[in-house]
Number of protein chains: 2
Amino acid sequence: MSDVQLKDALDALKSIGVRITPQRHAILEYMIHSTTHPTADDIYRALEKTFPNMSVATVYNNLRVFRKAGLVKELTYGDSSSRFDFVTHDHYHMICNDCGKIVDFHYPGLDEVEHLASHVTGFQVDYHRLEIYGTCQDCMEKPAKAQ
Amino acid sequence: MSDVQLKDALDALKSIGVRITPQRHAILEYMIHSTTHPTADDIYRALEKTFPNMSVATVYNNLRVFRKAGLVKELTYGDSSSRFDFVTHDHYHMICNDCGKIVDFHYPGLDEVEHLASHVTGFQVDYHRLEIYGTCQDCMEKPAKAQ
DNA sequence: ACTTATATTATAACGATTATAATGTAAGAA
DNA sequence: TTCTTACATTATAATCGTTATAATATAAGT
């Protein structure tokens, strides 16, 4: 099934005239198999064994290409680097304020909110993003938290 | 009414042992009266007439202080700087993908989603964040969009 | 295999944010 | 009120994520 995802992604890129390079193939493959919403640097480090000469710019460039193609979403949070999420079916994110862990969860789309927002603001709606913040079980069991 | 907000904010800071400096007073006042979700630099530039010697680090430091005190929220988006929002009653944000404009809108809290997420993930929920992305009316009327 | 537009690499540059060290000051105590 | 000192501010340097640049390499159509 992730083979299908990969094939579909590659086809989607080809159809818009984006060349398939070994690096692009590997980055997509890594993202599809990843469950951790990796940063650009995560991807870079995971692939440097296979591509010792790959530049970090290649990772950023291609994440941007994939984002423009609608294949990945970029998630930004307060502190550090962006995280990237291969787009599958819609889901939301539960984020631990302590350790930064991100867990997916599913919920019916919030169409009603979108409609109201559109009506009130006059915007044409594209999509929405919902994140729930809290503390994960691992962090709740930890003794104290240093600031 | 914003006088009350300012007074409450100052009291909240005092109660946790944070000193009230003219800079802090001015930053809070600016944020309360602002409707534009300013960046740190927006604030810095707005106040440099009144405080010609103020450092941009002071703005960042104090936004962090206010954030820790729960007085402001930091909003991060893909591209550029964080924006800061004085916390009043709960509201959500409608964001224009074209010009970056942010408009507030109100909607009943999504308690049901929070409960489900907590149940599914085992997280203890603190709060959530919902953003709707689209195109504002001004940008819809613009001729074309350069990439 | 040839061609060429596009991709990659290596590196420099950039911009937002944070750290540092010196100086200044808010606010409680005398 | 003045004194004291811990905390704030300033000025500047450093850091870190990301992007731009220019040279080299290569995907993919001919």
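Just so we're on the same page: letters track the sequence lines, and every chain starts at 1.
Rounding to whole angstrom units, CZ of residue B:Phe51 and P of D:dT10 are separated by 8 Å. B:Ile16 places its CD1 atom 10 Å from the P atom of D:dA8, with the value rounded to the nearest Å. Distance OH (B:Tyr44) to P (D:dA11): 8 Å, rounded to an integer number of Å. Going from atom CE of B:Met54 over to atom P of C:dT25 covers 15 Å, rounded to whole Å. Rounded to whole Å, atom C1' of C:dT25 lies 14 Å from atom CG of B:Asn53. Note: CD1 (B:Ile43) to C1' (C:dA16) measures 14 Å, nearest angstrom. The distance from atom CG of A:Leu63 to atom C1' of D:dT19 is 13 Å, rounded to the nearest whole Å. Atom pair B:Arg19:CZ and C:dG24:P shows a separation of 16 Å (rounding to whole Å applied).
Between D:dT10 and B:Asn61, no contact under 4.0 Å exists linking OP1 or OP2 to a side-chain N or O. Taking side-chain N and O atoms only, B:Thr21 has no distance below 4.0 Å to OP1 or OP2 of C:dT25. OP1 and OP2 of C:dA10 both lie 4.0 Å or more from every side-chain N or O belonging to A:Ser55. Not one side-chain nitrogen or oxygen of B:Gln23 sits closer than 4.0 Å to the OP1 or OP2 atom of C:dT25. One finds no side-chain N or O of B:Tyr60 lying less than 4.0 angstrom from the OP1 or OP2 phosphate oxygen of C:dT18.
In this structure, the side chains of A:Met31 and A:Leu71 stay at 4.5 Å or more apart for every pair of heavy atoms.
Across B:His128, B:Arg129, B:His106, a single residue satisfies side chain to side chain donor-acceptor pair (under 3.5 Å) together with B:Tyr92, and that is B:His128.
Here the closest non-hydrogen pair linking A:Gly134 and B:Phe123 is C-CD2, 4.3 Å.
Here B:Asn62 lies in heavy-atom contact (under 4.0 Å) with sugar-phosphate atoms only. Residue B:Pro22 is in sugar-phosphate contact alone, with no base atom involved, counting any heavy-atom pair closer than 4.0 Å across all strands shown.
No N or O donor and acceptor, one from the side chain of A:Arg24 and one from the base of C:dA7, sit under 3.5 Å apart.
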May I have the step-by-step check of side-chain hydrogen bond (donor to acceptor under 3.5 Å, both in side chains) for B:Asn61 and B:Thr58, ending in yes or no?
CA-CA 5 Å; B:Asn61 287 342; B:Thr58 298; 5.4 Å; no
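Put simply, CZ on B:Arg24 and CG on B:Leu63 are 11.0 Å apart, with the number rounded to the nearest 0.5 Å.
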